[in-house]
Amino acid sequence: MLDIKLLRENKELVEVSLKNRNIKIDLSVILSLDEERRKIIQEVEALKSARNRQSEEIGKLKREKQDASVKMAEVGKINEKISELDGSLAGLEKKLNEALLLLPNIPDKSVPLGKDEKDNTLIRTLGSAPKFSFIPKTHWALGEALDIFDFEKAVKIAASRFVILKKAGAGLERAIVNFMLDVHTKAGFTEIYPPYLVNGRSMQSSGQLPKFADEAYKCSEDDLYLIPTAEVPLTNMHRDEIINEDSLPYLYTSYSACFRREAGSYGKDLKGLIRVHQFDKVELFKFTTPETSFNELESLTLQAEEILKLLKLPYRVIELCTADMGFVAAKTYDLEVWMPGINAYKEISSCSNCTDFQARRANIKFKRKATGKPEFVHTLNGSGLAAGRTMAAIMENYQQENGDVIIPEVLRPYMGGTEKISVGKA
RNA sequence: GGAGAGCUGGCCGAGUUGGUCGAAGGCGCUUGACUCGAAAUCAAGUGUGCUCGCAAGGGUACCGCAGGUUCGAAUCCUGCGCUCUCCGCCA
């Protein structure tokens, strides 16, 4: 959420932001709602002030056993006017709030301008793609041959875009998650195991609602939503809190399953583990002060990259342009891993500084020592990494001509020393 | 699921014959005094949002949430939420 004061004082800035994001919203409607609202506030509060003074005098008269009926009648009239104004004020504030909840975060000045994903910037490329003396297979071809994936049974049990992992496939998933958590906790991130179901307020705070309701699985009986990412519960851990400046930054890492309806992605990444309704992810999350958040974004991104480096997977870092960035982000780096079977780079992590956007929605502040005043914190999140896509990348990069898959060295301790998954004996 | 108790400021905790209660007191915290320094002691200060104002400051709202009664509610009424205890059921 944006500060309405920012909108009042710097409409221009917000307009440019919307234009760069390729979003059309009429700000003048919002501003006139705000103007009307403030006008009514002044009116109604003057009346309330009068009422309070009168009531005090009525109390005084009654204690002195004098007649107060004239004043009581006066206040009665004031009250009629007050309840009328309060009514229209509530309506205005509701409308204003709904409008504000639909405004995206303002991109940082450093973010490249662009019209679509073609305008994203390549920041760096690391690792070298493996050389194959044969045509590398896709991870789903490998997985079915190894008998560690079963998509058909998953459709029977659930629906399309679900997967069953079997034997060494299930073990590899578990190994990847544990490995990632170990790396991050050793780096000082506190591990959190969050609820997978969250209430509507939490979804609004982190930015999923109201705009992206289509993307979420909802349990309507209970007003609870399956989390699309651990970012949602993590953002809300400190909702409605005022944190001591000295205890910032808070660093969290969290494994969770993630659930996404993938509405509107028909025909995209139909096969394999790239785009499924349920996947595992290890998330990185930070609460920071405003002045440190952009540095913290750099180190958060490096922390996610560390996993790819340790797994020796080739990847590149992309800075998203204004038009390709998510709703809540002010600046985003995507990590894209090389997938030889698909013959493309695929997003495996997205690291964002959300500045005070989520903090304002979630009402998360810290008390600045210098001023003694509360200010909104900054929140940052990043995948560290998406486990399913990591498994896919490992399989495609570590495949052998006969269809076997070598296990990256750092994962072997997590798989009882297994060095490879072999055809016929996974 | 059934029965009961409770939800007050960073924390603990007064306040339930409605009025001078944004709210006693304690703890904590900040500043100052004392001290070589610390502790102890003493003094003062110490919630948040909105709104008006250049500012100083003013107004208003908030005692779980939403309504209601009343000239006036933390205090009365209704509904909801949450926490705790006991019983039942259960991984």
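Throughout, protein chains are lettered first and strands after them, A, B, ... in sequence-line order, and every chain is numbered starting at 1. What you are looking at is a predicted structure, and each value in this text was computed from that prediction instead of being measured. Only this structure's heavy atoms are used, side chains among them; waters, hydrogens and symmetry mates stay out.
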Report the residues that fulfil salt bridge (Lys or Arg N to Asp or Glu O under 4.0 Å) with [X], sequence neighbours left out, ordered by chain and then residue number.
X: A:E98; value: A:K94
X: A:R174; value: none
X: A:E262; value: A:R275
X: A:E43; value: none

Kindly write out the residues that satisfy side chain to side chain donor-acceptor pair (under 3.5 Å) with [X], not counting sequence neighbours, or none if the list is empty.
X: A:N178; result: none
X: A:R201; result: none
X: A:D150; result: none

Q: Would you kindly give the NZ-to-C1' distance between A:K367 and B:rC11, to the nearest whole Å?
A: 14 Å

Strictly under 3.5 Å: I want the nitrogen or oxygen pairs between protein and nucleotides 77-82 of chain B, one per line.
none

Q: Any side-chain hydrogen bond (donor to acceptor under 3.5 Å, both in side chains) involving residues 107-117 of chain A? Give me the pairs, sequence neighbours left out, ordered by first then second residue.
A: A:D108-A:S110, A:S110-A:K331

Q: Can you check each nucleotide of nucleotides 63-72 of chain B against protein heavy atoms at under 4.0 Å and return B for base, S for sugar-phosphate only, - for none, in 5' to 3' order?
A: --------BS

Extract from the structure each pairing of a protein N or O with an N or O of nucleotides 49-53 of chain B at less than 3.5 Å, listing the distance.
unit_1, atom_1, unit_2, atom_2, d
B:rG49, OP1, A:K365, NZ, 2.7
B:rC50, O3', A:R37, NH2, 2.9
B:rU51, OP1, A:R37, NH2, 3.2
B:rC52, OP1, A:R38, NH1, 3.2

Could you go through nucleotides 7-9 of chain B and list every protein N or O atom that sits under 3.5 Å from one of its N or O atoms, giving the distance for each pair?
none

